[in-house]
Q: 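What follows is a single structure, and I will ask about it in a moment.
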Amino acid sequence: MAESLSQEHNLPDIGELLVDLNTMRKHQAYGDTQAPEGMDAENTARLIEEYVTSVQALFAI
């Protein structure tokens, strides 16, 4: 879905971010997975904010 939204609406492709967020959720909740490498709070928040801003711009027509 992320790839489709990216291609059809020129939004950033957040497919990998969604996978990393889910992996981090499982790591924190269950401890049965490794935390994604290089994932830090500041960068993750920035990527999410950029995506939300892009979606807002899409609907500001």
Side-chain angles (χ1 to χ4, degrees):
M1 181 58 76
E3 183 180 355
S4 176
L5 287 170
S6 175
Q7 291 174 352
E8 293 175 21
H9 300 287
N10 201 30
L11 293 172
D13 187 350
I14 59 165
E16 286 185 38
L17 175 61
L18 293 174
V19 170
D20 286 347
L21 287 170
N22 191 47
T23 302
M24 183 61 83
R25 177 193 63 82
K26 289 191 245 181
H27 172 72
Q28 292 294 320
Y30 311 116
D32 61 349
T33 61
Q34 292 289 93
E37 289 205 21
M39 188 172 196
D40 64 72
E42 278 187 33
N43 188 47
T44 302
R46 182 186 55 76
L47 292 171
I48 293 169
E49 183 176 2
E50 287 174 4
Y51 189 77
V52 170
T53 300
S54 297
V55 171
Q56 287 174 331
L58 178 67
F59 287 103
I61 298 173

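Keep in mind it's a predicted model, so treat the numbers as computed, not measured.
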Q: Is V19 reachable from I48 through a run of hydrophobic residues whose side-chain heavy atoms are each under 4.5 Å from the next?
A: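 The answer is no; the residues belong to distinct hydrophobic clusters.
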Q: Under the side-chain hydrogen bond (donor to acceptor under 3.5 Å, both in side chains) test, which residues partner E8, sequence neighbours left out?
A: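 With sequence neighbours excluded, E8 shows a side-chain hydrogen bond (donor to acceptor under 3.5 Å, both in side chains) to S4, given in chain and number order.
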Q: With sequence neighbours excluded, tell me which residues meet side-chain hydrogen bond (donor to acceptor under 3.5 Å, both in side chains) with S54.
A: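 Partners of S54 under the side-chain hydrogen bond (donor to acceptor under 3.5 Å, both in side chains) test: none.
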Q: Is the shortest heavy-atom distance from the side chain of M1 to the side chain of L18 under 4.5 Å?
A: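 Counting from C-beta outward, M1 and L18 never come under 4.5 Å.
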Q: Pairs in or reaching into residues 18-36: which pass side chain to side chain donor-acceptor pair (under 3.5 Å), with residues at least two apart or in two chains?
A: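 Side chain to side chain donor-acceptor pair (under 3.5 Å) check on residues 18-36 returns N22-R25.
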Q: Identify, with sequence neighbours excluded, every residue that meets side-chain hydrogen bond (donor to acceptor under 3.5 Å, both in side chains) alongside D13.
A: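 Partners of D13 under the side-chain hydrogen bond (donor to acceptor under 3.5 Å, both in side chains) test: none.
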Q: Got a sec, which pairs hit side chain to side chain donor-acceptor pair (under 3.5 Å) with one end in residues 39-52, sequence neighbours left out?
A: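 Sorted pair list: N43-R46, R46-E50.
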Q: Mind checking the CG-CD spacing from L47 to E16? Nearest 0.5 Å is all I need.
A: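 Answer rounded to 0.5 Å: 10.5 Å.
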Q: Within the structure provided, determine whether V55 and L11 are in side-chain contact (heavy-atom separation under 4.5 Å).
A: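 Side-chain contact under 4.5 Å: yes.
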Q: For the CG atom of L5 and the CG atom of L58, what is their distance to the nearest 0.5 Å?
A: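 L5 CG to L58 CG: 9.0 Å, rounded to 0.5 Å.
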